[in-house]
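Read through the structure below, which is laid out as structure tokens, and then see the notes.
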Amino acid sequence: MKKVNYRHSTSRQLLFCVAFLFSFTFFGFAQEQAADSSATGQSGGGDAAAASSSDALGDAAAGKELFNTLCASCHKPYSESIGPALNGVTSRHSIDWIHSWVHNSSALIASGDAEAKAIFEEYNQTQMPAFPQLSNDDINNILAYVEQPKPEPKAAAAGAASGEQGGGSGGGVSVNVILGILVFVLVVLLVVLFLVNKTLRNFADASGIVLPQKEQRKPIWKAFVENQFLLVVTTIFVLLSVGYFAYGFLMQVGIDQGYQPIQPIHYSHRIHAGDNQIECKYCHSSARVSKHSGIPSLNVCMNCHKAISEVAPETATEEYSKEYYDKEIAKLYDAVGWDPATRTYSGEEKPVKWVKIHNLPDFVYFNHSQHVSVAGVECQHCHGQIQEMEIVHQEAPLTMGWCINCHRETNVKMEGNEYYEKIHEELSKKYGVEELTAAQMGGIECGKCHY
């Protein structure tokens, strides 16, 4: 009777625990739903109000195109540049005054308008160009674009979306709660199996039943040592494997494929060469005419970043936020001594110690201009899809075998290249081909790369 009572007591306890767990889960889910609905209502109301005020001015999509074409070189929506930040301009000035200012700011200043003269003096008497070609509707469209609320960084928005999806999965029950229930059930099953096994063993002992014992076998290592054939074969296999892997390891000495150092200032090729489609040779201009591609001077960076002190919010990723990119631009300003507030150079410059990624031995001759300008080789052929890299790494192994294979497989471009015409005529007869590879032109001779 005691055993029966104990069993029933345990079952009741397990059922009580499961019921309590389910009730706690649904209570927490109800609280989450209430919090989400209240937060959605608050944020939705604020966004709707901001969007309605922007839509009342004009077409924001058309205004964005006009802004990027005519205004972006001097203005930014949410921060100062050569001119003031335009977000909130309709609260600082009347619409009619803005129309007059955009159409002809010089005439408005000459008329003695106090607001116009104040802006003219505040920004170092920098004259704003006149835009008489813009209609009032065009200006209203631009205002509708710049008066939009500042967008959230893409990384934060993605994190919020993933959080909502994770919290709402499983038909209204959190995934973590479901996993917790499954783990609880598995633990209960393990405990039950252990108790059953123990009960059966006790029953066998009480009934005088002798459980079968496993036969003692010879250890496998002792059987292996006593078998001479297996011992010899295994020894030969181990020696060959060690030799193979040792040779492969030694052949990788000096090969830095995949090398990806951290630079003192984070530079995203994904943003510059990818999103903005800046040509590689705009920054690495010496690659056209020199042996080396060269490291761009900071003056090249400042050609654009005089007017770009922060990145667009949609540029951010989950790993790199907008604030991170803006701090890296601030490092550039600190290095060149640029003050974005006064838009002047302080004259105090600091060297930036860039880390070289692609290194060749001193006894190897490689000329960028011969490959880039003469052969017309794309940068991606050796450096990989550079426009997709956030942090640049060495894509190719840059070994002698890799270079020789390229010379054997690449045909020489003869179009517009009179230097190779006579050589091509003679060698094409010799090899009986229409097009010559770099190897057939002497591209794999030792003296070409080693001197």
Exercise for the section: Salt-bridge test for Lys331 and Glu328: reply yes if a basic N is under 4.0 Å from a carboxylate O, no otherwise. Expected result: yes

Measure from the side-chain N and O atoms of [X] to the backbone N and O of [Y], and report whether any donor-acceptor pair falls under 3.5 Å.
| X | Y | answer |
| --- | --- | --- |
| Ser369 | Lys291 | no |
| Asn276 | Ile278 | no |
| Glu390 | Arg270 | no |
| Ser373 | Arg288 | yes |
| Glu426 | Ile423 | no |
| Asn87 | Gln148 | yes |
| Asp334 | Ala330 | no |
| His424 | Glu434 | yes |
| Tyr333 | His305 | yes |
| Thr315 | Val311 | no |

Would you check if [X] and [Y] make a side-chain contact, meaning some heavy-atom pair closer than 4.5 Å?
| X | Y | value |
| --- | --- | --- |
| His266 | Tyr320 | yes |
| Val377 | Val372 | no |
| His407 | Ile404 | no |
| Ile265 | Trp354 | yes |

About how many Å separate [atom2] of [Y] and [atom1] of [X], when rounded to the nearest 0.5 Å?
| X | Y | atom1 | atom2 | result |
| --- | --- | --- | --- | --- |
| Leu134 | His103 | CG | NE2 | 6.0 Å |
| Asn405 | Thr399 | CG | OG1 | 8.0 Å |
| Asn140 | Ser135 | CG | OG | 8.0 Å |
| Met302 | Asn299 | CE | CG | 8.5 Å |
| Ile391 | Ile262 | CD1 | CD1 | 4.0 Å |
| His272 | Tyr282 | NE2 | OH | 10.5 Å |

Identify the two heavy atoms, one from [X] and one from [Y], that lie closest to each other, and give their separation to 0.1 Å.
| X | Y | value |
| --- | --- | --- |
| His284 | Gly294 | ND1-O, 2.9 Å |
| Asp59 | Asn141 | N-OD1, 2.7 Å |
| Gly83 | Tyr123 | C-CE2, 3.9 Å |

Handout entry: Among Gln385, Gln387, Glu395, Glu388, side-chain hydrogen bond (donor to acceptor under 3.5 Å, both in side chains) partner for Gln380
Key =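 Answer after filtering Gln385, Gln387, Glu395, Glu388: Gln387.
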
Exercise for the section: Check the pair Tyr365 / His450 against ring pair (Phe, Tyr, Trp, His ring centres under 6.0 Å), numbers first and verdict last. Expected result: CA-CA 6 Å; Tyr365 176 81; His450 303 290; over 10 Å; no

Exercise for the section: May I have the step-by-step check of side-chain contact (heavy atoms from CB on, under 4.5 Å) for Cys71 and Ile142, ending in yes or no? Expected result: CA-CA 9 Å; Cys71 313; Ile142 296 175; 4.2 Å; yes

Practice task
Sorted by first residue and then second, give each salt bridge (charged side-chain N to carboxylate O under 4.0 Å, His left out) pair with at least one member in residues 101-121; sequence neighbours left out.
Solution key: none

Exercise for the section: Give the intermediate values and the outcome of salt bridge (Lys or Arg N to Asp or Glu O under 4.0 Å) for residues Lys322 and Asp326. Expected result: CA-CA 6 Å; Lys322 179 183 183 302; Asp326 293 344; 2.8 Å; yes

Checking [Y] against [X]: is there a side-chain donor and acceptor pair closer than 3.5 Å?
| X | Y | answer |
| --- | --- | --- |
| Glu147 | Thr90 | yes |
| Lys281 | Ser286 | no |
| His371 | His381 | no |

